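The structure appears below as structure tokens.
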There are 2 protein chains.
Amino acid sequence: MFTFGLMEIELSQAEENYLKAIYSLFVVANKAVSTNKIAEKLETKASSVTDMVKKLSDKNLVNYVKYQGVSLTTEGKEFAIHVIRKHRLWEVFLVRHLGFKWDEVHEVAEQLEHVKSRKLTDGLDAFLDFPRYDPHGDPIPDKEGNFIKRNITVLSALKINEESKIVGVKDSSSAFLKYLDNAEIKLGAEIKVLHKESFDNSMMLLIEGQKISISQQISSNLYVKQND
Amino acid sequence: MFTFGLMEIELSQAEENYLKAIYSLFVVANKAVSTNKIAEKLETKASSVTDMVKKLSDKNLVNYVKYQGVSLTTEGKEFAIHVIRKHRLWEVFLVRHLGFKWDEVHEVAEQLEHVKSRKLTDGLDAFLDFPRYDPHGDPIPDKEGNFIKRNITVLSALKINEESKIVGVKDSSSAFLKYLDNAEIKLGAEIKVLHKESFDNSMMLLIEGQKISISQQISSNLYVKQND
DNA sequence: ATAAATTTTTAGATTTGTCTAAAAAATATT
DNA sequence: AATATTTTTTAGACAAATCTAAAAATTTAT
Ligand SMILES: [Mn+2]
Ligand SMILES: [Mn+2]
Ligand SMILES: [Mn+2]
Ligand SMILES: [Mn+2]
């Protein structure tokens, strides 16, 4: 339950990007994040990360012990989630109102997420009618920083005959998203696993009545929600 | 007739702000702009301006001769107008769709104007249905950089019994805009000059049927278009 | 338990944009 | 025309964010 309380301090774009990176790496690893991983994610050098992490630590936004990785403090997490909120709201706006495709929004949202104005963010949220998911199926934090934690699985983990709905993408690279567009695989599509090929782990699916085969590369990057 | 042609180079926010400042100072002065004036406008020091102006000169965006002031090159002007286009389009968006008042938009537009994406700018323009003026009555350049050059006068210059329409504000400070809101003076209002007080240069006006008196401070900061 | 490999940090440099204080040039005053 | 004032530029410093190369710590392999 975050309240985005003590956010008088203004962070630089670089600082915001670091917090966001640390947040998302922590979510998957579930333990303190290494400087190397952060460097890789932000396409920078580990030495730069060490410097920045020290600065964020001085500002009480991360917990950092030399050689032992980085994690976010409560306040750091609030900031990270707030930036993610802005990023995803802008993505919704771009797709819904400006004719962007879901593979075109990332770079622009990466810039827009750093614009500082409470009124802007909350106004945009209201204008969009408080969307709960972004174009890639990722949940959008509300103004208090709360967001839905869904019970999702990766498609490749489903067993034969299980039915589910596509709700998100793990990889949101332009290449993967374009592949999905081409194959007419959309979020919201109902699917059923017809067959799993043990040789290459490819899957035969029934998507909205259509029978198609997808490689493991694909199935392991699609999130599904199992029908109850 | 600008075509926004050679804009492969990416400018920093600081560079963009300098170009915009030089542009608007040049428009009023109509001659090379001094480093001091630029410093004042950008709330920085003249020595910083000298440094930046040298850099912009190296990039062929400004004409600069030591001790003789600064003017924009064709390319510099293109950039400046493009930033102004973005600034004003965002202002329209904020007022029309996010519930901002005209005195609240400037600071946020100041940030949004630096977001780099052709598709975003042109998409926003289309979404807003190609607005020709921003909330303060300033013309919005189109994607080619062309904009309406209107035949406007300052209200204080009108003579008794002349009729005209309020079309813009010279001062767009929050204080002035709030005063106008309070006095219910809006863009588009039809006015007639009833009387000019020679003692303090105040004016008695008929605005949309209402009789009101305004000081010269006010009348010299309102743009009007005379009825033909 | 040592040695080798990998990861992380430090040291020192660079770029961008800013500042203060001093020098130089331009402008105004006598 | 000489002097005083104002404007503009230069010189040197600093903070932010980055880099490379070297040192230190940790982890892995023998
Ligand atoms: Mn970003
Ligand atoms: Mn997304
Ligand atoms: Mn700006
Ligand atoms: Mn405006």
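These numbers were taken from a predicted model, which means no experiment stands behind them. Computed over heavy atoms, backbone and side chain alike; hydrogens, waters and symmetry mates excluded.
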Rounded distance in Å - [atom1] ([X]) to [atom2] ([N]):
X        : N      : atom1 : atom2 : answer
A:Gln13  : C:dT16 : CD    : C1'   : 14 Å
A:Asp51  : C:dT14 : CG    : P     : 16 Å
A:His114 : D:dA16 : NE2   : P     : 18 Å
B:Met52  : C:dC19 : CE    : C1'   : 14 Å
B:Glu43  : C:dC19 : CD    : P     : 11 Å

Report the residues that fulfil salt bridge (Lys or Arg N to Asp or Glu O under 4.0 Å) with [X], sequence neighbours left out, ordered by chain and then residue number.
X        : value
B:Asp125 : B:Arg85
A:Glu16  : A:Lys116
A:Glu110 : A:Lys20

Just jot down the ring pair (Phe, Tyr, Trp, His ring centres under 6.0 Å) partners of A:His114, sequence neighbours excluded, or say none.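 In terms of ring pair (Phe, Tyr, Trp, His ring centres under 6.0 Å), with neighbours along the sequence ignored, A:His114 is linked to no residue.
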
Using the test ring pair (Phe, Tyr, Trp, His ring centres under 6.0 Å), find all partners of A:His136 that sit at least two apart in sequence or belong to another chain.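 Scan of A:His136 (ring pair (Phe, Tyr, Trp, His ring centres under 6.0 Å), adjacent residues dropped) gives none.
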
So, for B:Phe93 and A:Phe93, is the gap between ring centers shorter than 6.0 Å?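 So the answer is yes for these two rings.
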
Taking only side-chain nitrogens and oxygens of B:Lys45, does any of them come within less than 4.0 Å of OP1 or OP2 of C:dT18?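 Indeed not, no polar side-chain atom of B:Lys45 lies that close.
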
Looking at residues at least two apart in the chain, or sitting in another chain, which of them share a side-chain hydrogen bond (donor to acceptor under 3.5 Å, both in side chains) with B:Asp181?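 Once residues adjacent in sequence are excluded, the partners of B:Asp181 under the side-chain hydrogen bond (donor to acceptor under 3.5 Å, both in side chains) criterion are B:Trp102.
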
Distance-only donor-acceptor hits, side chain of residues 28-44 of chain B, under 3.5 Å, sequence neighbours excluded:
{"unit_1": "B:Ser34", "atom_1": "OG", "unit_2": "B:Lys37", "atom_2": "N", "d": "3.1"}
{"unit_1": "B:Lys41", "atom_1": "NZ", "unit_2": "B:Ser24", "atom_2": "OG", "d": "3.1"}

Can you pull out the residues from residues 15-28 of chain B that lie within a 4.0 Å heavy-atom distance of DNA chain D?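 None - not one residue of the stretch has a heavy atom sitting under 4.0 Å from the strand.
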
Indicate for each nucleotide in nucleotides 4-9 of chain D, in 5' to 3' sequence, whether protein heavy atoms under 4.0 Å reach the base (B), only the sugar-phosphate (S), or nothing (-). ---SSB

